[in-house]
Amino acid sequence: MLFNSLDFLVFFFVVMCIISFFKFRRFQHLFLIFSSLFFLYYTDNYLITLLIFTILLHFYVGREIFKSKNIFRKKIFFIIGIVGSIGILGFFKYTDFVITQFNFFGSYLDLGSEIPLLNLALPIGISFYTFQSMSYIIDIYRGSLQPSKTLKEYAVFVAFFPPLVAGPILRANEFLPQLREKISQNEISQKLKLFVITNQNLKFGITLMSIGFFKKMFFSDNIGPLVNNIFSNPIGLESFSIMIGTIAFGIQLYCDFSGYSDIAIGAAAILGFKIPLNFNKPFFASSPSDFWTRWHISLSTWVRDYLYYPLVFKNRNSNSLVFISLLISMLLMGIWHGASWNFLIWGGIHGLFLACYTILRKNFSSNSTKKFFKSKIGKITSILITQYLVFFTFIAFWMKDFTHMAYAMEKYVFLDFATEGTIQIIRDNELPILLIILFGILHFYSYKQGNIVEKISKMKIHYWAGILFVFFISIAMFYVGSAREFIYFQF
Amino acid sequence: MTDSVYEIVAKVFAISINDITDQSGPENIESWDSFNGLVLVDELENFFKIKFSISEITDVKTVADIKRHLKNHDVIVDE
């Protein structure tokens, strides 16, 4: 069920109505689980059984880890949980990739017969809910989280439909307390929360969802054809054409994924849940590490907390360990996106940028450089350099063909200053080019304004309705004719 | 001790001490990234002569969380 389809709007409207009409705590919680399971069943059919298995496994394992007094027993259950998560994810997502590599080396070494591919369907959302489940048991194992009291509570956490298929990846310590009534700022009662759809949440949620639809259906879907034109066969194209392609793809990807996140966070907000931001103006990041505090925040913080910190924690003063840990972390981030070499290359390049930046900063950071980068010109310089590097990596994210990737990267780095073909591309793609410029202006405006969603949702009702009307009129005028799938559905 | 915590946070993230509150964190301090996060841990550990655990580090979302964890290490921090 795509967010940008009539099916979802009808589904969400029905869920909202039932939640607001039937004000019985137990019923509301159970209804959230069943509506979430229905949402996934409608999207992914029988593969919903994997989600149910994951819920049961991690709920049981989490409880056993917490209960175990014996450290050995604790470890055994922890390993069962981690192996279970990685096993399911690895089997469905990476088996064919591994077989393909075996077959490639087999034919290279002339070993004879090939291993047949399994051609498994990739269960939608599996990368998101397995990472969510792993964080749950790791936190319990570390002693920083108490397990869910009931299976029902845990099932809402894992299966909650807005972020289920493409994130943000939730954390149990942020989500579970929201299922109980608050006594005060720091105290939570044992009583199940009664979900009440308030005007304030409704206005905020609708604003965020509208912005998400606007990003996806106005920007991403209309910029996509330009990206396909340039990237599907870049051989022979000029440097500036490749650059237009990378800029277009960066914006398409951002609008697609952050649009999905906005719709998910907005839908959750209407139902009374607070989910942290997943994107924060990434095209104004002023360093590689700043970029990862702004892009796919729920995944980057996951990798930081459960992989990078454990790797460097004891030896954080060792340059080589920091370098290798960052590289490993970013390679994982790359392969998380898909079983393909281009994602590994994408993660590897980000890892190199991040590792080099961190080592330089650690060893050669003087007061004068700090002062320069705090000045306006220093800030602009660092944003431009960072974005040049970030957009370079988008080539690897899109292109699976190595010849295409190498050509595009070479053209991006070594400019040929030819313009004839580029001018023609601009002439043939006036709408996407205009949308890129408009996106740049709006992104800058929202960077300068701070929390623009909050500001719009607090406007007087007629101004608020006017802005939303502009969003939907723009979507309707430039609608591409069919609901396009979100790029992150494939992950 | 609150002043000391604020001073360390201000020094690590190169911001004014007046801009820091208990609610300050990565969401509102731009320079609070994973690198500076670990520098902050080093500075706090050296100053207060304590050792944080990994779960304490990953749990820190705001300055208030730092103060809460310092309390667990018997460091007296003002409310």
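Order of the sequence lines sets the chain letters (A, B, ...), proteins ahead of strands, with each chain counted from 1. All values derive from a computational prediction rather than experimental measurement.
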| From OH (A:Tyr141) to OG (B:Ser55), nearest 0.5 Å | 12.0 Å
| message | Given heavy-atom pairs under 4.5 angstrom as the criterion, report whether the side chain, backbone, both or neither of A:Tyr309 touches chain B. | response | both
| Point-to-point distance, once rounded to the nearest 0.5 Å, from CG of A:Asn280 to CD of B:Glu27 | 8.5 Å
| Counting only heavy atoms not in A:Lys274, do more than 12 fall under 6.0 Å of its NZ? | no
| said: Can you give me the closest heavy-atom contact between B:Val41 and A:Arg316, atom names plus distance? | reply: CG1-NH2, 3.4 Å
| field | Residue A:Tyr306 versus chain B: region with a heavy atom under 4.5 Å | value | neither
| said: Between A:Thr358 and chain B, with a heavy-atom cut-off of 4.5 Å, which part of the residue counts as in contact: side chain, backbone, both or neither? | reply: both
| request: Quick one: closest heavy-atom pair of A:Phe313 and B:Ser53, and the distance? | output: CZ-C, 3.9 Å
| query | Side chain, backbone, both or neither: which part of A:Val312 has a heavy atom under 4.5 Å from chain B? | reply | side chain
| Looking at side-chain heavy atoms only, is the closest gap between A:Tyr308 and B:Leu38 below 4.5 Å? | yes
| query | Side chain, backbone, both or neither: which part of B:Lys51 has an atom under 4.5 Å from a heavy atom of chain A? | reply | neither
| query | Heavy-atom count around A:Gln178 CD within 6.0 Å, excluding the residue itself: above 12? | reply | yes
| Residue pair B:Trp32 / A:Thr293: nearest heavy atoms and the distance that separates them | O-CG2, 4.3 Å
| Between A:Arg142 and B:Asp59, is there a salt bridge with N-O shorter than 4.0 Å? | no
| field | Proximity breakdown for B:Glu30 and chain A, heavy-atom pairs closer than 4.5 Å | value | both
| Nearest-0.5 Å distance, CG of residue A:Asp290 to CZ of residue B:Phe35 | 14.0 Å
| request: Under 4.5 Å, counting heavy-atom pairs only, tell me which of B:Val39, B:Ile57, B:Asp42 racks up the most with chain A. | output: B:Asp42
| field | Rounded distance [0.5 Å steps], OG in A:Ser144 versus CD1 in B:Ile54 | value | 10.5 Å
| Side chains of A:Arg361 and B:Asn36 in contact at under 4.5 Å (non-hydrogen atoms) | yes
